[in-house]
Amino acid sequence: MEINFSPDQQGLQGQMACFGFAVKPQRLLYDLSPSTVPLPLSRMYGEFAPRLPFEELRAAILSLGHTVELEETSRDMHCYRVSESAARIDVVLDPDPYGSGPTDPDGHQVGDVWSISLW
């Protein structure tokens, strides 16, 4: 998880204000250190999968009565917005967008959620 702060928020001189946060499931694939998933979360939810398929996340969101709409596409990502929220979901479109070599079969795959952010 990343939390973003800025000292430049209007009316909060000299204070840091949070302006957004993101969950980064892409880190679960390669960062195998015990601190990647805090112990209380592991105890409560068990082992976290190394990747999050977008279709699973989309199904969960739809079951809550929201919609998921494609907002934009870049060379390597699709960006989706969740209705009635500030949630943005980045999904891998091309795991090797710059043609640097053969795709790692154990690496990120098309359709993996890269990040979920609120700004």
Side-chain angles (χ1 to χ4, degrees):
M1 175 176 268
E2 292 180 0
I3 303 172
N4 303 100
F5 293 90
S6 173
D8 302 327
Q9 300 293 320
Q10 188 173 359
L12 298 173
Q13 289 187 326
Q15 298 178 35
M16 297 291 280
C18 177
F19 66 88
F21 69 92
V23 176
K24 304 285 188 157
Q26 91 274 8
R27 294 190 178 161
L28 294 171
L29 189 59
Y30 295 113
D31 187 350
L32 304 176
S33 67
S35 63
T36 301
V37 176
L39 191 55
L41 290 176
S42 295
R43 284 185 187 144
M44 182 172 282
Y45 300 105
E47 186 176 335
F48 281 59
R51 58 174 42 92
L52 172 59
F54 175 63
E55 289 308 319
E56 287 181 24
L57 179 59
R58 182 198 313 249
I61 293 167
L62 294 175
S63 76
L64 296 171
H66 294 280
T67 60
V68 180
E69 299 173 10
L70 181 62
E71 184 174 70
E72 62 184 82
T73 298
S74 68
R75 182 177 190 162
D76 58 344
M77 295 283 171
H78 280 308
C79 175
Y80 294 88
R81 287 275 183 194
V82 178
S83 65
E84 301 175 11
S85 79
R88 174 184 170 143
I89 305 167
D90 291 312
V91 178
V92 175
L93 176 61
D94 183 351
D96 185 27
Y98 305 105
S100 59
T103 303
D104 178 359
D106 296 322
H108 294 291
Q109 304 295 316
V110 172
D112 285 352
V113 173
W114 186 261
S115 66
I116 305 163
S117 56
L118 299 172
W119 303 107

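L93 has its side chain out of reach of D76: every pair of non-hydrogen atoms, C-beta onward, lies at least 4.5 Å apart.
Shown here for P25 and W114, the closest heavy-atom pair between the two residues is CD-O, 3.4 Å. Nearest heavy-atom pair, L70 versus H78, reported as atom, atom and distance to 0.1 Å: CD1-ND1, 3.6 Å. Of all the heavy atoms in P95 and V110, the pair that sits closest is CD-CG2, 3.7 Å. Here the shortest heavy-atom pairing between V92 and H108 reads CG2-CB, 4.5 Å.
Linking ILVMFWY residues whenever their side-chain heavy atoms come closer than 4.5 Å, directly or via other members, leaves V23 and L28 in distinct clusters. Under a hydrophobic-cluster definition in which Ile, Leu, Val, Met, Phe, Trp and Tyr are linked whenever side-chain heavy atoms come within less than 4.5 Å, directly or via other members, I116 and I61 are assigned to the same cluster. Using a 4.5 Å cut-off between side-chain heavy atoms of Ile, Leu, Val, Met, Phe, Trp and Tyr, with links allowed through other members, L41 and L39 fall into different hydrophobic clusters. Hydrophobic clustering of Ile, Leu, Val, Met, Phe, Trp and Tyr side chains at less than 4.5 Å, counting indirect connections, unites M16 with F21. I89 and M77 are members of different hydrophobic clusters when ILVMFWY side chains are connected at heavy-atom separations under 4.5 Å.
Y80 does not carry R88 over the face of its six-membered ring by the limits of under 6.0 Å from the centre and within 45° of the normal.
Atom CG in D90 sits 8.0 Å away from atom OG in S74 (nearest 0.5 Å). To the nearest 0.5 angstrom, L29 atom CG is 5.0 Å from R51 atom CZ. Rounding to the nearest 0.5 angstrom, the gap separating the CG atom in L52 from the CD atom in E56 is 7.0 Å. Distance check, rounded to the nearest 0.5 Å: CG of D112 to CZ of F54 gives 12.0 Å. Considering CD1 of I3 and CG of L118, their distance stands at 11.5 Å, rounded to 0.5 Å. Here the CD atom belonging to E2 is positioned 4.0 Å from the NZ atom belonging to K24, to the nearest 0.5 angstrom.
Using modelled atom types, no side-chain atom of S115 and backbone atom of S117 make a donor-acceptor pair closer than 3.5 Å.
Heavy-atom neighbours of E72 CD from other residues, nucleotides or ligands within 6.0 Å: above the threshold of 12.
Taking the charged nitrogens against the carboxylate oxygens, R81 and E69 have no contact shorter than 4.0 Å, which rules out a salt bridge.
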